[in-house]
Amino acid sequence: MIRDARVLQPEFVPRDIVHRTQEVNTLSNALEPVMEGNAGETAFLYGPSGTGKTCIAQFVAERLRENVIDINYQYVNCWEDYSRFKTLYRILEGIDRTLDIHRQSTPKDELLERLHAHEGAPYVIILDEVDQLEDKSVLYELYRTRGLTMVLIANQETELFASLNERLTSRLRTAIRIDFDRYSVEELVAILEDRVRWGLREDTVTDGQLELIADAAAGDARVGIEVLRVAARRATQQGLDTISDEVIETSVSEAKSEIRQRNVEKLIEEQRILYEIITEEQEIAPSDLYEQYRERAEEPKSDRMVRNYLQKMQRYNLIKATGENRGRTYVAL
DNA sequence: CCTCCACTGGAAGATCGGGAAG
DNA sequence: CTTCCCGATCTTCCAGTGGAGG
């Protein structure tokens, strides 16, 4: 059934983009000066998750690298590398192969100095989930770095700019802005068809079934591809030659819970205790939550730290805080 | 309406762990 | 070995906020 499992992985970047040609062209134009060895325009990619922002940024950057011999390119996920240090470290990794990766502590600001000292080929960096950056001033420092071209990815413009200071805001106002809307069912079907062509054997799934998947994914390609992956795996386990409607139906919820499970696995012990309490209670007031946590944890952290944990869990879309101040409750999703 | 106080989240400083320097 | 420096984590303190309950 499955011909090439990599094609069904979430991080897979296809050889051809079947939609979003407008967005691809706009981003290509922004990066055009890199072809002549100059810095490109700063580009902003906005849109909900699963609308192809990351995919298109990587696609355009990869294509650029194929056409220009002398170019450096690095993808940074600011969700994982959220601190100033980690971000700069990751960016340096893209140009400085001799950087001693075992060295945990470096003299203060040596990272930025090294980056500024770098002279040579144009450097294109993609900063994904840039709104997750703890210290946004690093963006200003990067903006000022010669020869550096930034592609910034975030969910919402207003949310991102709210966390930036004026100096940075006015600079970034001139950046090229590209909006990504949710995929329509037809577009999503086309994307899934493409994955099926490369990832699965022929005639294992009908167009009608892809429509079913696209419909359940509600414009989110990540969910759609995950459903396809789970369905193909299930059908294989059941010894089927083709994917049945029944398999798709059960795969939708399984795919969604697998996406959630992957996030739960990223939690540390303390956060998992909190997640457990909240899922048991469904909805809980802050003081009750703090109390129950103190009872269950072997060495409970302070309430302030618990609030930090809760914020992180909200970003993972595992829980939700409703209401403000006294009216606040935490709800399991 | 007003007051109270539970709750949030920023700021500053302490502590931890690991690596480098002496 | 000790001392210093770093980033990360955590605590302490606290100002600001707005819903609950008189």
Side-chain angles (χ1 to χ4, degrees), chain A residues 74 76-94 96-117 127 129-142 154-156 158-169 263-275 277-278 281-333:
Chain A
Q74 178 77 326
V76 183
N77 189 330
C78 299
W79 196 322
E80 281 150 24
D81 298 324
Y82 52 86
S83 72
R84 175 200 148 82
F85 178 84
K86 282 181 179 167
T87 303
L88 287 175
Y89 195 94
R90 185 74 66 200
I91 291 168
L92 267 179
E93 259 184 0
D96 191 354
R97 295 293 154 97
T98 60
L99 187 68
D100 183 359
I101 53 163
H102 300 298
R103 187 164 166 158
Q104 295 287 316
S105 71
T106 38
K108 199 165 171 54
D109 266 345
E110 193 188 320
L111 295 183
L112 191 62
E113 272 166 36
R114 280 215 221 174
L115 187 60
H116 280 144
L127 293 179
E129 317 252 17
V130 71
D131 48 328
Q132 298 299 326
L133 261 181
E134 216 172 59
D135 179 9
K136 304 288 197 305
S137 65
V138 69
L139 290 179
Y140 187 71
E141 287 158 354
L142 292 174
N155 290 124
Q156 278 182 45
T158 44
E159 216 169 277
L160 175 65
F161 273 81
S163 59
L164 304 179
N165 66 29
E166 265 179 54
R167 193 172 54 170
L168 197 50
T169 308
N263 283 335
V264 172
E265 276 160 17
K266 289 183 198 161
L267 299 178
I268 61 168
E269 171 70 13
E270 310 295 309
Q271 292 165 334
R272 223 170 286 191
I273 293 172
L274 289 164
Y275 183 64
I277 296 169
I278 296 169
E281 301 281 334
Q282 276 303 305
E283 181 164 8
I284 188 167
S287 53
D288 297 339
L289 178 58
Y290 299 151
E291 196 186 325
Q292 285 202 38
Y293 162 75
R294 278 193 298 272
E295 283 167 16
R296 293 198 200 184
E298 275 182 44
E299 286 174 51
K301 311 291 186 200
S302 66
D303 289 358
R304 183 66 187 87
M305 203 55 210
V306 168
R307 289 199 284 277
N308 284 346
Y309 292 148
L310 291 169
Q311 279 197 336
K312 188 144 253 177
M313 290 159 69
Q314 285 185 65
R315 289 199 224 129
Y316 283 127
N317 280 325
L318 293 169
I319 63 164
K320 195 167 179 282
T322 60
E324 295 193 341
N325 299 320
R326 296 197 99 167
R328 170 74 57 101
T329 55
Y330 293 99
V331 188
L333 291 179

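Every chain is numbered from 1 and lettered A, B, ... according to where its sequence line falls, protein lines coming before strand lines. This one's a predicted model, so the numbers in the text were calculated from it and none came from an experiment. Reckoned from all heavy atoms, side chains included, excluding hydrogens, waters and symmetry mates.
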Is the phosphate of B:dC7, meaning OP1 or OP2, less than 4.0 Å from a side-chain N or O of A:Y330? no

To the nearest Å, how far apart are A:F85 CZ and C:dC5 C1'? 12 Å

Supply the atom-to-atom distance A:K86 NZ to A:E134 CD, rounded to the nearest 0.5 angstrom. 9.0 Å

Using whole Å, what does the distance between atom P of nucleotide B:dT8 and atom CE of A:M313 come to? 14 Å

Sequence neighbours excluded, the answer for salt bridge (Lys or Arg N to Asp or Glu O under 4.0 Å) partners of A:E270 is none

Would you please confirm or rule out a distance under 4.0 Å between OP1 or OP2 of C:dG7 and any side-chain N or O of A:R84? no

Atom-to-atom span, CD of A:E134 to C1' of B:dG9 - whole angstrom: 13 Å

Interatomic distance, A:E110 CD vs C:dG7 C1' [rounded to whole Å]: 15 Å

Among residues two or more places apart or on two chains, list those pairs meeting side chain to side chain donor-acceptor pair (under 3.5 Å) that have a residue in residues 311-320 of chain A. A:Q132-A:R315

Sequence neighbours excluded, which residues qualify as side-chain hydrogen bond (donor to acceptor under 3.5 Å, both in side chains) partners of A:D131? none

What pairs meet the salt bridge (charged side-chain N to carboxylate O under 4.0 Å, His left out) rule with one or both residues in residues 281-295 of chain A, with sequence neighbours excluded? A:R294-A:D303

Just jot down the side-chain hydrogen bond (donor to acceptor under 3.5 Å, both in side chains) partners of A:Y309, sequence neighbours excluded, or say none. none

Between protein and nucleotides 9-22 of chain C, map the contacts as a letter string: B base, S sugar-phosphate only, - none, heavy atoms under 4.0 Å, written 5' to 3'. SBBB---BBBB---

